[in-house]
Student: 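So that we are looking at the same thing, I have put the structure below in structure tokens.
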Amino acid sequence: MSQLQAKLPTDTWVNATWDEYLQAISDPAYEKARGYYYNGRMRLEMSALGNPHSRDHFIVIAAIALFASTRNIDLDGHDNCTYRKTGYQEAQPDVSFYLGANAETVPWDATIIDLDTYPPPDLVIEVAYSSLADDKGEKRLLYESLGVREYWIIDVQNVQVIAFEIQNRGSRRIDQSQVLPGLNIAVLEEAFRRSRQMNHGKVSAWLLSQFQA
């Protein structure tokens with residue numbers, strides 16, 4: 001790993017073998033980094049997240065939990081969880097969910113979720129403050145390859161939700177979730193707009209009123 005050891009570039013894709021990737025993510029200098037591996041390249045994200053990212057991160061989790069509870073949808077939520085196909089692919093999305101029949105698929109004590117043993121999550125979400133281009137590009141290809149059913153990008157700066165349905169290793173834009181039937185993407189975008197002016201308690205109350213209407 002001599003070519004990567006000196007100063008490993010972060011927040012960009014770097015050519016690397018699987019073993020070099022594993023060595024990089026085990027380095028204490030990158031213990032807080034989120035790791036991705038796809039198509040013979042790795043990406044370690046070290047960007048400062050800050051208040052805007054963290055607030056939108058919370059809102060999307062709260063929104064999905066509220067929606068699922070009002071529709072009796074079983075779900076298993078994951079925050080910054082690692083999904084691995086050993087030797088080939090790895091992703092650590094901001095938020096991910098197993099839904100419905102898959103909600104009890106992964107045991108509680110699983111650390112890294114082995115996608116050679118368990119199915120991929122039904123829904124993956126990236127909260128993009130400074131990584132929008134990559135979230136729309138290379139990461140979307142990674143999630144298509146992993147076989148997740150739906151992929152959302154929260155565009156923090158433009159207050160937009162870019163949602164994709166994934167089928168047959170390809171994706172298309174959608175305005176309504178397919179894995180959470182009845183959930184309109186526009187409602188989520190309005191919740192994010194409201195969160196710029198009001199606290200999370202009030203936004204959650206507004207979301208609940210929408211979901212119960």
Side-chain angles (χ1 to χ4, degrees), residues 10-11 31-36 45-83 91-100 102-103 106 108 113 121-136 139-140 143 148-165 173-213:
T10 57
D11 302 305
E31 63 181 351
K32 294 183 179 181
R34 290 194 297 135
Y36 299 84
E45 292 197 352
M46 298 284 289
S47 300
L49 300 181
N51 183 57
H53 181 286
S54 66
R55 289 171 64 87
D56 280 1
H57 189 113
F58 175 86
I59 285 291
V60 75
I61 293 173
I64 292 171
L66 287 170
F67 182 83
S69 67
T70 62
R71 305 301 171 95
N72 295 316
I73 297 173
D74 290 334
L75 85 166
D76 182 27
H78 297 260
D79 185 73
N80 293 322
C81 185
T82 300
Y83 298 93
Q92 193 178 15
D94 283 304
V95 184
S96 48
F97 290 91
Y98 286 92
L99 300 164
N102 288 331
V106 179
W108 181 88
I113 297 179
D122 296 289
L123 173 61
V124 163
I125 303 166
E126 295 283 6
V127 181
Y129 185 75
S130 59
S131 60
L132 181 61
D134 186 71
D135 291 338
K136 292 167 67 176
K139 284 185 199 166
R140 179 163 60 94
Y143 292 128
V148 306
R149 294 174 58 198
E150 202 160 297
Y151 173 45
W152 300 357
I153 303 165
I154 312 303
D155 181 352
V156 175
Q157 298 194 54
N158 294 307
V159 199
Q160 183 181 19
V161 180
I162 307 167
F164 297 94
E165 179 186 24
R173 287 284 301 272
I174 52 175
D175 296 320
Q176 186 177 92
S177 175
Q178 306 301 297
V179 297
L180 293 164
L183 178 56
N184 291 314
I185 301 303
V187 173
L188 296 176
E189 291 181 329
E190 178 60 23
F192 287 120
R193 283 191 289 270
R194 288 171 178 259
S195 75
R196 273 52 176 171
Q197 304 297 327
M198 58 180 66
N199 68 62
H200 286 158
K202 289 181 179 178
V203 175
S204 296
W206 179 83
L207 279 166
L208 192 58
S209 73
Q210 299 301 301
F211 297 154
Q212 292 178 328

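Numbers here simply count residues along the sequence, with the first being 1. FYI, side chains are in, hydrogens and waters are out, and symmetry mates aren't considered; it's all heavy atoms of this structure.
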Student: Using only atom types and a distance under 3.5 Å, with no angle test, would you say the side chain of Gln92 pairs donor to acceptor with the backbone of Thr82?
Tutor: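 Such a contact is absent between Gln92 side chain and Thr82 backbone.
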Student: Using every non-hydrogen atom in the two residues, find where Glu150 and Gln178 come nearest and quote the distance to one decimal.
Tutor: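 Taking Glu150 first and Gln178 second, the nearest heavy atoms are OE1-N, 2.8 Å.
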Student: Using every non-hydrogen atom in the two residues, find where Leu75 and Ala68 come nearest and quote the distance to one decimal.
Tutor: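 Closest approach of Leu75 to Ala68, heavy atoms only: CD2-CB, 3.9 Å.
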Student: With sequence neighbours excluded, what pairs up with Glu126 under the salt bridge (Lys or Arg N to Asp or Glu O under 4.0 Å) test?
Tutor: Arg34
Student: Can you confirm whether more than 12 heavy atoms, excluding those of Asp79, are under 6.0 Å from its CG atom?
Tutor: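 Counting other residues, nucleotides and ligands, CG of Asp79 exceeds 12 neighbours.
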Student: Does any non-hydrogen side-chain atom of Ile125 lie less than 4.5 Å from one of Asp94?
Tutor: no
Student: Quick one: sort the Tyr143 and Tyr151 rings into parallel, tilted or perpendicular, breaks at 30° and 60°.
Tutor: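 Tilted.
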Student: Taking only residues two or more places apart in sequence or in another chain, which ones pass side chain to side chain donor-acceptor pair (under 3.5 Å) with Asp74?
Tutor: none
Student: Minimum heavy-atom separation for Pro52 to Val156, with atom names?
Tutor: CB-CG1, 3.9 Å
Student: Evaluate Ile154 against Val95 for side-chain contact (heavy atoms from CB on, under 4.5 Å), listing each step before the verdict.
Tutor: CA-CA 11 Å; Ile154 312 303; Val95 184; over 6 Å; no
Student: Work out which heavy atom in Ala191 is nearest to a heavy atom in Ile59; give both atom names and the distance.
Tutor: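 Smallest heavy-atom distance, with atoms named: CB-CG2, 4.5 Å.
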Student: When rounded to the nearest 0.5 angstrom, what is the spacing between CD1 in Ile61 and CG in Leu66?
Tutor: 12.0 Å
Student: Testing the basics here: between Pro93 and Tyr36, what is the closest heavy-atom pair and its distance to 0.1 Å?
Tutor: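 In this case the closest contact between Pro93 and Tyr36 is CA-OH, 3.9 Å.
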Student: Rounded to the nearest 0.5 Å, what's the gap from OG1 on Thr10 to CD on Glu45? Could you check?
Tutor: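 One gets 9.5 Å once the value is rounded to the nearest 0.5 Å.
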Student: Should His78 and Ile113 count as side-chain neighbours, where that means a heavy-atom distance under 4.5 Å?
Tutor: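 When only atoms from C-beta onward are counted, Ile113 and His78 do touch, with a gap below 4.5 Å.
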Student: Less than 4.5 Å apart, any side-chain heavy atom of Leu207 and any of Gln210?
Tutor: no
Student: To the nearest 0.5 angstrom, please state how far the OG1 atom of Thr70 sits from the CG atom of Leu208.
Tutor: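 If we round to the nearest 0.5 Å, Thr70:OG1 and Leu208:CG are 7.0 Å apart.
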Student: Do Asn158 and Phe192 have side chains that get closer than 4.5 Å, going by heavy atoms?
Tutor: no
Student: Does any part of the side chain of Arg196, heavy atoms only, come nearer than 4.5 Å to the side chain of Arg55, both counted from C-beta?
Tutor: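 No, too far: nothing below the 4.5 Å cut-off.
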Student: Drop me the distance from Arg194's CZ to His200's NE2, to the nearest 0.5 angstrom.
Tutor: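 The distance works out to 14.0 Å.
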Student: Considering residues at least two apart in sequence or located in another chain, which fulfil the side chain to side chain contact (heavy atoms under 4.5 Å, CB included) criterion with Leu183?
Tutor: Phe67, Trp152, Ser177, Leu180, Leu188, Phe211
Student: Provide the closest heavy-atom pair for Gln176 versus Ile185 in the form atom of the first, atom of the second, distance.
Tutor: N-CG1, 4.0 Å
Student: Got a donor-acceptor contact below 3.5 angstrom from the Asn184 side chain to the Ala186 backbone?
Tutor: no
Student: Whether the side chain of Ser54 engages the backbone of Asn51 through a donor-acceptor N/O pair (distance < 3.5 Å, no angle test) should be reported.
Tutor: yes
Student: CG of Leu99 to CZ of Arg149: how many Å apart, nearest 0.5 Å?
Tutor: 7.5 Å
Student: Between Met46 and Asp11, is there a side-chain heavy-atom distance shorter than 4.5 Å?
Tutor: yes
Student: Kindly say whether Gln160 contributes a backbone atom to a donor-acceptor pair with the side chain of Glu189 at under 3.5 angstrom?
Tutor: no
Student: Should Ile153 and Phe164 count as side-chain neighbours, where that means a heavy-atom distance under 4.5 Å?
Tutor: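 The answer is yes, as the side chains (C-beta and beyond) meet within the 4.5 Å cut-off.
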